[in-house]
A.B. asks: 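Below you'll find the structure I mean.
Every chain is numbered from 1, with letters handed out A, B, ... down the list of sequences.
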2 protein chains.
Amino acid sequence: MSPRPKNPPPDRRGEILEAAFRVFAEKGYRAATMAEIARAAGVTPAALYYYFPSKADLFRAAVTERRSQLQPALAALASPDARELPPREFLGALLRAMADFLADERTRAVIRILLAEGPRDPSLVAIFQEEVYGNIGAVLGYLEQHMAQGNVRPMDPRVFLLFFQGPLLAMVIFRDLLRLGPYRDLPNPALVEPLAETILAGLVPEKR
Amino acid sequence: MSPRPKNPPPDRRGEILEAAFRVFAEKGYRAATMAEIARAAGVTPAALYYYFPSKADLFRAAVTERRSQLQPALAALASPDARELPPREFLGALLRAMADFLADERTRAVIRILLAEGPRDPSLVAIFQEEVYGNIGAVLGYLEQHMAQGNVRPMDPRVFLLFFQGPLLAMVIFRDLLRLGPYRDLPNPALVEPLAETILAGLVPEKR
DNA sequence: GTACTTATTAATTGAGCGTTCAGTAAGTAA
DNA sequence: TTACTTACTGAACGCTCAATTAATAAGTAC
């Protein structure tokens with residue numbers, strides 16, 4: 001192959017990032033090789049070093065790039081419109097929005113990377129923590145207000161988040177990451193609807 | 001150092017397995033080197049090959065060894081005594097037993113390994129799936145019975161498990177694996193007690 | 001004490017991988 | 001046309017690391 005190809009691809013850098021993300025998501029950081037990423041991107045390994053100074057930098061760039069795709073889904077949860085809803089509707093919508101968010105294959109890839117590399121790379125965790133908690137903040141404001149008014153069972157907001165995110169996260173881990181047999185064919189709604197019903201029955205006190 | 005030391009340790013193999021488990025748990029499979037495991041066990045790398053044919057075999061053996069430590073905690077959940085309890089007490093005890101189970105550092109190490117290596121090693125997942133689901137089965141029997149009698153809100157048992165395990169698993173991931181700031185100082189009971197209260201209020205219908 | 005087995009080491013090998021570097025075709029500017 | 005920049009390639013380097021091998025001290029059986 002010759003340098004400077006006839007039809008110069010307009011966004012080599014972007015192609016490399018996408019290929020890198022795919023390979024890192026599939027193999028993990030250590031097992032992913034620059035050679036394989038290069039192959040996936042249709043270039044030679046050396047070309048990767050034209051755009052990124054090291055494997056670590058490429059990894060960071062690839063993951064950070066994808067992260068911004070997650071923003072809208074979370075932001076929607078904190079929209080002013082949503083804040084006008086009564087607790088039952090608000091919390092149900094929140095739950096469904098999170099489920100949609102987790103239904104995205106790229107989201108699951110990020111989770112896969114985060115679970116595999118996060119425990120050994122705090123700076124990677126920090127990237128997501130900042131972003132996710134920035135958006136969750138608004139949701140918590142809503143909650144605190146309704147807890148004070150007695151419309152929602154009062155509790156530590158951290159506990160609330162675990163309560164809400166936990167079952168969904170567990171489903172993604174069991175079904176999509178570990179591929180546990182019994183969960184293979186459990187569709188999202190089959191979890192979300194009973195979950196919403198049961199959580200809300202316990203979380204939102206009966207109308208007085 | 002001389003071969004065949006003066007005071008021959010009685011259980012070299014066990015020491016190696018323990019050292020290997022620690023290193024694998026901390027570094028992950030790829031990043032853990034035979035040299036480091038050997039150092040942790042107080043032998044040379046070649047000694048590892050006296051007991052285990054390859055790195056992969058050592059890894060499998062180390063993880064499998066630990067797995068059996070988890071059995072008692074899960075078995076207790078399915079004891080005949082527990083099955084006599086009314087749903088509220090049974091489910092509360094189940095939740096607390098799971099929390100205790102997850103409080104064990106070795107359990108968390110297994111989870112860390114499972115999340116990091118599981119997505120790329122189905123046979124590793126299979127080891128745990130078999131064991132965990134063997135014991136969960138008995139719990140599900142209890143549940144089905146009480147669901148049929150209307151004492152527990154009827155639902156897919158898989159959903160029930162996600163519902164029960166999810167928040168605890170999420171706490172372990174956020175607090176212990178990813179070390180998210182806000183969760184750093186959230187003690188187990190601070191999650192378990194409100195969780196039990198809220199889940200049970202929603203899961204177990206009001207007394208008629 | 002001799003023969004054999006067990007448990008271990010030191011040294012080495014060989015593959016794989018991140019990274020570097022010199023070279024070069026294609027595009028751009030004067 | 002010349003000078004320069006951009007965007008790569010092919011080849012090689014150096015290192016790490018899993019795995020092998022030959023040697024050997026300590027224990028055991030006879």
A.B. asks: Counting only heavy atoms from other residues, nucleotides and ligands, does the tally under 6.0 Å from CZ of B:R108 exceed 12?
C.D. replies: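 Count over threshold, so yes.
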A.B. asks: Output yes when at least one side-chain N/O atom of A:Y50 is less than 4.0 Å from OP1 or OP2 of D:dA7, else no.
C.D. replies: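 Answer is yes, contact under 4.0 Å.
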A.B. asks: In whole Å, what is the span from the CZ atom of A:R30 to the C1' atom of D:dC15?
C.D. replies: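 Spelled out: CZ on A:R30 to C1' on D:dC15 is 13 Å.
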A.B. asks: To the nearest Å, give me how far apart NZ (B:K55) and P (D:dC17) are.
C.D. replies: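 One finds 9 Å between P of D:dC17 and NZ of B:K55, rounded.
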A.B. asks: Are a donor atom and an acceptor atom from the side chains of A:R60 and A:S123 found within less than 3.5 Å of each other?
C.D. replies: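 A:S123 and A:R60 do have a side-chain donor-acceptor pair below 3.5 Å.
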A.B. asks: Is a salt bridge present between B:R112 and B:E105, judged by a nitrogen-to-oxygen distance below 4.0 Å?
C.D. replies: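 Salt bridge present between B:R112 and B:E105.
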A.B. asks: Look at all strands and tell whether B:A32 reaches a base, only sugar-phosphate, or nothing, counting heavy atoms closer than 4.0 Å.
C.D. replies: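 Sugar-phosphate only.
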A.B. asks: Could you check how far CZ of A:F52 sits from P of D:dA7, rounded to whole Å?
C.D. replies: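 A:F52 atom CZ is separated from D:dA7 atom P by 13 Å.
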A.B. asks: Would you kindly give the CE-to-P distance between B:M34 and C:dT9, to the nearest whole Å?
C.D. replies: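 Answer to the nearest Å: 13 Å.
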A.B. asks: Is the phosphate of D:dA7, meaning OP1 or OP2, less than 4.0 Å from a side-chain N or O of A:R12?
C.D. replies: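 No, no such contact exists.
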A.B. asks: To the nearest Å, give me how far apart CZ (B:R39) and P (D:dT16) are.
C.D. replies: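 For the pair B:R39 CZ and D:dT16 P, the rounded distance is 12 Å.
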A.B. asks: Counting the atoms with a prime plus P, OP1 and OP2 as sugar-phosphate, which does B:Y51 contact under 4.0 Å by heavy atoms, base, sugar-phosphate, or nothing?
C.D. replies: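 Here B:Y51 touches the backbone only, sparing every base.
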A.B. asks: Could you go step by step and tell me if A:M155 and A:R153 meet the side-chain contact (heavy atoms from CB on, under 4.5 Å) rule?
C.D. replies: CA-CA 6 Å; A:M155 63 173 64; A:R153 180 194 291 262; 4.0 Å; yes
